[in-house]
Amino acid sequence: MANAGLQMLGFVLAFIGFVGLIASTSMPEWKASSYAGDNIVTALAIYDGLWMSCASQSTGQVQCKWFDSLLQLSASVQTTRALMILGIFLGFFAILIASLGMKCTTCFADDKQKKSRIATIGGAVFITAGLSALVATSWYGHRISQDFYNPFTPTNTKYEFGVALFIGWGAATLCILGGAFLCSSSCSKGGQAGSRQYPKTGAMPKGGKDYV
């Protein structure tokens with residue numbers, strides 16, 4: 001029963017992480033304009049994402065523009081796009097695979113060992129999806145901090161970490177943690193199969209007598 005609860009907890013955490021990956025990838029606030037300086041105009045805020053760039057004015061008006069050409073983007077943005085999309089696809093397949101191996105489902109109910117292996121595979125795919133997103137967000141964040149502390153970068157073009165980047169970090173962590181729970185809950189049941197291999201002994205022979 002404890003394994004089933006741990007398995008369900010892992011699946012829920014990984015599913016929340018999967019939703020977070022989709023939200024993070026689609027959000028435009030991967031990096032936000034920095035106000036670290038004396039001559040920075042705070043009436044206009046610039047946000048850059050993986051797909052568009054937005055400008056928010058102090059009046060509340062927001063204007064966004066999609067990136068025109070893929071080839072004009074930097075290598076970091078293109079690689080981050082690819083890794084995040086890969087993480088989303090892996091997370092989608094992990095949900096399908098893990099659902100078949102969950103103890104609360106009826107698929108492969110007659111073969112518990114096979115069902116446990118399927119859940120383990122689903123957990124491993126979740127971990128891979130989380131690692132893909134973690135590499136993407138960490139690399140993108142490293143590029144932001146590298147440009148921020150570069151003395152040759154103009155003050156009005158410096159950026160800081162955006163909200164989408166923090167959501168991506170949290171989502172990747174949840175996918176990895178949920179996948180680990182799925183793997184551990186499925187593998188921990190493997191030791192119970194050996195208890196059936198010991199034959200029952202100690203049967204009393206017919207006509208036996210008890211001695212005092």
Mark yes when over 12 heavy atoms from residues, nucleotides or ligands other than Q113 sit less than 6.0 Å from its CD; otherwise mark no.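 For Q113, atom CD is not crowded (no more than 12 foreign heavy atoms under 6.0 Å).
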Looking at F161, I'd like to know if its CZ atom is crowded, meaning that more than 12 non-hydrogen atoms belonging to other residues, nucleotides or ligands lie closer than 6.0 Å.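 Yes, because the 6.0 Å sphere around CZ of F161 holds more than 12 heavy atoms from other groups.
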Qualifying disulfide (SG to SG under 2.5 Å) pairs, either residue in [range], two or more places apart:
range            : value
residues 118-174 : none
residues 115-157 : none
residues 124-159 : none
residues 58-93   : C54-C64

Hey, could you give me the [atom1]/[atom2] distance between [X] and [Y], rounded to the nearest 0.5 Å?
X    : Y   : atom1 : atom2 : answer
Y47  : E29 : OH    : CD    : 5.5 Å
L50  : Q78 : CG    : CD    : 11.5 Å
I85  : L90 : CD1   : CG    : 12.0 Å
L182 : L13 : CG    : CG    : 9.0 Å

Listed partners of A55 passing side chain to side chain contact (heavy atoms under 4.5 Å, CB included), at least two apart: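 So A55 forms a side chain to side chain contact (heavy atoms under 4.5 Å, CB included) with L44, I46.
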Sequence-distant partners of [X], side-chain hydrogen bond (donor to acceptor under 3.5 Å, both in side chains), two or more places apart:
X   : result
S53 : D48
T80 : none
S76 : S74

Does [X] reach the side chain of [Y], with side-chain heavy atoms less than 4.5 Å apart?
X    : Y    : value
Q7   : F181 : no
L165 : I144 : yes
M102 : M8   : yes
R81  : L73  : yes
D147 : K158 : no
I118 : I97  : yes

Apply side-chain contact (heavy atoms from CB on, under 4.5 Å) to residues F148 and E160 and explain how you reach the verdict. CA-CA 7 Å; F148 183 85; E160 296 180 355; 4.2 Å; yes
Main chain of L100, side chain of K115: is a donor-acceptor contact present, judged purely on distance under 3.5 Å?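 The answer is yes, because a donor-acceptor pair under 3.5 Å joins these two groups.
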Indicate yes or no for a side-chain donor-acceptor contact from S26 to the backbone of A23 under 3.5 Å, with no hydrogens or angles considered.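 Yes, S26 side chain to A23 backbone: donor-acceptor pair under 3.5 Å.
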Output every pair passing ring pair (Phe, Tyr, Trp, His ring centres under 6.0 Å) with a member in residues 80-102, not counting sequence neighbours, ordered by first then second residue.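 Residue pairs with at least one partner in residues 80-102: there are none.
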Can you list every pair that meets ring pair (Phe, Tyr, Trp, His ring centres under 6.0 Å) and has a residue in residues 113-146, with sequence neighbours left out?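 Counting only pairs at least two positions apart or across chains, the ring pair (Phe, Tyr, Trp, His ring centres under 6.0 Å) contacts touching residues 113-146 are W30-Y140.
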Who are the ring pair (Phe, Tyr, Trp, His ring centres under 6.0 Å) partners of F18, not counting sequence neighbours?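 None.
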In a table with atom names and distances, give each donor-acceptor pair under 3.5 Å that connects a side chain of residues 166-180 to protein atoms at least two apart or in another chain.
{"residue": "W169", "atom": "NE1", "partner": "T137", "partner atom": "OG1", "Å": "3.2"}
{"residue": "T173", "atom": "OG1", "partner": "W169", "partner atom": "O", "Å": "2.9"}

